[in-house]
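Below: the structure, in structure tokens.
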Protein chains: 2
Amino acid sequence: MSAAESAVETIQREMTIFARRARASAGRMHPELSLVSYTLLGHLEERDGCRATDLAAHYALDKSTVSRQVAALERAGLVERRVDPEDHRVQVLHLTDAGREILAQVTDSRRAAFRERLADWPQEDLVRFAAYLERYNAGPGGTGSD
Amino acid sequence: MSAAESAVETIQREMTIFARRARASAGRMHPELSLVSYTLLGHLEERDGCRATDLAAHYALDKSTVSRQVAALERAGLVERRVDPEDHRVQVLHLTDAGREILAQVTDSRRAAFRERLADWPQEDLVRFAAYLERYNAGPGGTGSD
DNA sequence: CGTTCTAGTTGTATAGTACAACTTGAGTGA
DNA sequence: TCACTCAAGTTGTACTATACAACTAGAACG
């Protein structure tokens, strides 16, 4: 096997390990906000509100899954639903102030954890690693882990 | 914000994106072998057999989780348990031929996906990216995404 | 020996997910 | 206008992955 092929295999394996760990630890780190909830909240902030169907499509989740996630987030007071006056089937989801606050908090704490984990990395390596990750995620979608 | 801090933030964001995408797609790609099972099988092949406890420690899984996963894999005929003659508490897990075959199949298909995604990367970058990921995952546990 | 440690299993509970059946509202063609 | 079809969400149900706690069985060491 060439060095490139073996590197691809390593990348595949390590990304897989990371994905599994991320999910497991997200729950422990932030019992109030699972990785999915965090992601959905982030999406709502980014888009400044959207429909449940959009979330389902964007994250390849079943609409029932999104429905229950949103219901939980609403129960927790982190999002609110506003019925679209144009189409009464549609509920436009918005972050509440509390939701915005928790999202910011979790983002901070996640960032702190990453920072600690990467504390002894030389800056040059951090920058290069970050660039590789961006390049990977920005790459042609659909075939990798998308 | 320093370049190092901004790099940390990028790493956090991109890793999160990756994790979310991987989670969404892992199950759909290989219905016959979950992400966890695949990872465990891969570990067994790499180490040429190991104990359930080692798997649990290495992947930060509860021993009960590993126990059930292994039981399922054994039921499927993909691994076999050999009681350690030195210590009868220990079961050394080994891939069966069927396990090796399925692992190879799934690895091929996953590798193809990754290879396609990484097709236009210079080998030098692949090797460095792989090294960074290994280093990240091997890093001090508990705080990042471990 | 008995105590304590280790490897693994089993009981129980929870979260996240999918699929299917349903409800409600919107659009559309005769 | 009315019936039919399509779209957005909800709810019933089932399954998987997971953790934690309680347990069994074997080993190690005094």
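Chain letters run A, B, ... following the sequence lines, proteins first and then strands; every chain starts at 1. Computed from a predicted model, the values in this text were never measured in an experiment.
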Could you pull out the protein-nucleic contacts involving nucleotides 23-27 of chain D (nitrogen or oxygen on both sides, under 3.5 Å)?
unit_1, atom_1, unit_2, atom_2, d
D:dG26, N2, B:Arg89, NH1, 2.8
D:dA27, OP1, B:His88, N, 2.9

Looking at [X], does any N or O in its side chain come under 4.0 Å of the phosphate oxygens OP1/OP2 on [N]?
X	N	answer
B:Ser64	C:dT9	no
B:Thr65	D:dA19	yes
A:Ser34	C:dG16	yes
B:Arg81	C:dA7	no
B:Ser67	C:dT9	yes
A:Gln91	D:dA8	no
B:Gln69	D:dT18	yes

Checklist entry - In whole Å, what is the span from the OH atom of B:Tyr59 to the P atom of D:dA17? => result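 So the two atoms are 16 Å apart, to the nearest Å.
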Checklist entry - Separation of B:Leu40 atom CG from D:dA17 atom P, in whole Å? => result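 From B:Leu40 CG to D:dA17 P: 10 Å.
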Next on the checklist: Would you say B:Tyr59 ends up clustered with B:Leu41 if hydrophobic residues are merged whenever their side chains have heavy atoms under 4.5 Å apart, either directly or through other cluster members?
Outcome noted: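 Both belong to a single hydrophobic cluster.
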Item to check | Sugar-phosphate, base or nothing in reach of A:Arg68, heavy atoms under 4.0 Å | outcome: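 Since a base atom lies under 4.0 Å of A:Arg68, the category is base.
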Checklist entry - For B:Thr53, which contact category applies under a 4.0 Å heavy-atom criterion: base, sugar-phosphate, or nothing? => result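 B:Thr53: backbone/sugar contact only, no base atoms under 4.0 Å.
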Item to check | Carboxylate-amine/guanidinium contact B:Asp125 A:Arg135, below 4.0 Å | outcome: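 Counted as a salt bridge, because a side-chain N and a carboxylate O are separated by less than 4.0 Å.
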Checklist entry - For the residue pair A:Arg81 and A:Leu93, what are the closest heavy atoms and their distance? => result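 Looking at all heavy atoms of both residues, the closest pair is CG-CD2, 3.7 Å.
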Next on the checklist: Using a 6.0 Å distance limit plus a 45 degree cone around the ring axis, check whether B:Arg128 lies over the aromatic ring of A:Tyr132.
Outcome noted: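 Ring-cation test returns no.
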Item to check | A:Glu80: which of A:Glu74, A:Gln91, A:His94 passes side-chain contact (heavy atoms from CB on, under 4.5 Å) | outcome: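 Single pass found, and it is A:His94.
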